[in-house]
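Scroll down for the structure; my scribbles are underneath it.
Every chain is numbered from 1 and lettered A, B, ... according to where its sequence line falls, protein lines coming before strand lines. Both backbone and side-chain heavy atoms feed into the values below; hydrogens, waters and symmetry mates do not.
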There are 2 protein chains.
Amino acid sequence: MRKTDLSGASCPIARSLSDIGDWWSLLIVRDALSGMTRFSEFQRSLGCARNILSARLAKLVERDVLTVAPASDGSAYTEYRLTEKGKTLRVPLVALRQWGEDHLFDAAEERLSLVDKRDGLPVARLELRAHDGRTLSPDDVETRNRSDART
Amino acid sequence: MRKTDLSGASCPIARSLSDIGDWWSLLIVRDALSGMTRFSEFQRSLGCARNILSARLAKLVERDVLTVAPASDGSAYTEYRLTEKGKTLRVPLVALRQWGEDHLFDAAEERLSLVDKRDGLPVARLELRAHDGRTLSPDDVETRNRSDART
DNA sequence: CGCCATTGGTTTCATTATTAAACCATGCGG
DNA sequence: CCGCATGGTTTAATAATGAAACCAATGGCG
């Protein structure tokens with residue numbers, strides 16, 4: 001099954017999905033971003049089967065999203081920590097979170113929300129901007145083939 | 001299988017994933033955002049089995065991400081168009097795209113990139129900001145339980 | 001030290017999803 | 001009316017997922 005391998009696609013979205021584009025992987029990263037490090041923490045939080053948690057963690061380590069640290073609190077157990085690459089998944093996750101809050105919750109419904117520690121207020125909506133800071137509407141952009149020279 | 005249903009989770013990320021969190025759905029939305037509307041267009045672009053494309057389209061319609069329009073160009077065929085809800089998936093997709101460009105491509109490698117139509121330059125990086133516009137670093141935020149009153 | 005519970009997995013097997021391929025119904029051009 | 005394209009659905013093989021059993025190595029406690 002899943003013979004389709006997107007890791008060589010020319011679309012960055014497709015490649016991203018081949019790394020972290022399944023159900024559990026993104027939730028693992030979400031939990032890791034909130035400070036979880038241990039197998040059992042993830043397992044309790046996600047409630048998924050342990051073998052698949054195990055497989056997902058291994059894949060995320062292989063893809064350099066997580067690393068296994070030998071220990072940290074003295075115990076001989078291993079910890080899973082986000083790499084720099086993994087930490088930058090925060091933005092996509094926030095985008096997904098905001099979308100979900102906007103469209104999938106009743107106004108009065110309880111939700112987990114991302115807030116500024118300083119004042120406890122929710123973070124601002126993510127916005128699409130031009131390189132010079134102008135806000136861009138959906139019609140102002142298009143996808144194009146570029147060979148680099150990112151500014 | 002897949003007995004786990006996240007649609008009632010208190011985490012907006014989990015709920016989002018239950019709507020659009022599988023391989024093909026997000027790619028369908030990506031293509032829809034670039035103007036595709038017809039079954040065969042999606043099928044050609046994605047190269048996935050037609051029955052699963054059919055199932056995904058139906059699910060996206062059911063979840064109000066797409067609608068089926070009776071026609072538009074005269075032919076009696078149906079079109080799949082993004083709803084407002086669907087269109088706002090652009091931001092999460094851009095976030096994913098930028099992450100992929102940053103971490104999954106060699107510098108010189110060809111890629112599909114999102115550019116400002118006006119000048120052809122890539123759009124700015126999405127950034128996390130406080131409600132008053134301050135840029136926030138990862139350590140400045142936390143997730144918290146809120147019952148609404150979004151500002 | 002000795003014993004049991006917990007952590008961190010791996011293995012096994014049943015169940016479910018994905019896929020390719022065949023099939024079918026309508027529309028549409030000539 | 002013939003033939004091909006569109007827009008699917010059905011069927012059967014294959015692959016991924018999930019629950020539960022199993023296992024090895026700590027860690028805590030007396």
How many Å lie between CE on Met36(A) and C1' on dG8(C), as a whole number?
17 Å
In whole angstroms, how far is the C1' atom of dT18(C) from the CG atom of Leu46(B)?
15 Å
Would you indicate which nucleotide in dT19(C), dA21(D), dA19(D) comes nearest to any side-chain atom of Arg50(A)?
dA21(D)
Measure from CG on Asn51(A) to P on dA14(C) and round the result to the nearest Å.
15 Å
Can Arg15(B) be said to sit on top of Phe105(A)'s aromatic six-ring, NZ or CZ under 6.0 Å from centre and within 45° of the ring axis?
yes
Whichever of Phe39(A) and Cys48(B) has the more 5' nearest nucleotide on DNA chain C, that residue is Phe39(A)
Tell me whether the OP1 or OP2 atom of dG8(D) has a side-chain N or O from Ser54(B) closer than 4.0 Å.
no
Rounded distance in Å - CG (Asp22(A)) to P (dA17(C)):
16 Å
Does Trp24(B) make a side-chain N or O approach to OP1 or OP2 of dT19(C) shorter than 4.0 Å?
yes
Write down the distance between CG (Leu53(A)) and C1' (dA20(D)), rounded to a whole number of angstrom.
16 Å
Rounded to the Å, how far apart are Leu57(A) CG and dT17(D) P?
14 Å
So, Asn51(A) and Ser54(A): side-chain donor and acceptor under 3.5 Å apart, yes or no?
no
Verify the distance criterion only: is there a donor paired with an acceptor across the side chains of Asp139(B) and Ser137(B) at less than 3.5 Å?
no
Side chain of Ile52(B), heavy atoms from C-beta onward: which of dT7(C), dT19(C), dG18(D) has the nearest atom to it?
dT19(C)
Looking at dA19(D), dT6(D), dT17(D), which one has an atom nearest to any side-chain atom of Ser40(B)?
dT6(D)
dG8(D) OP1/OP2 closer than 4.0 Å to side-chain N/O of Tyr80(B):
yes
In whole Å, what is the span from the CH2 atom of Trp23(A) to the C1' atom of dG18(D)?
12 Å
Less than 3.5 Å apart, which donor and acceptor atoms pair up between the side chains of residues 26-37 of chain B and the rest of the protein, not counting sequence neighbours?
residue	atom	partner	partner atom	Å
Asp31(B)	OD2	Ser45(B)	OG	2.6
Ser34(B)	OG	Asp31(B)	O	2.9

Look at the side-chain N and O atoms of Thr78(A) and state whether any lies under 4.0 Å from the OP1 or OP2 oxygen of dG9(C).
yes
Checking Asp64(B) against His103(A): is there a side-chain donor and acceptor pair closer than 3.5 Å?
no
Touch class at under 4.0 angstrom, heavy-atom based, for Arg56(A) against every strand present
sugar-phosphate
Asp5(A) CG to dT19(C) P, in whole Å, measures 12 Å
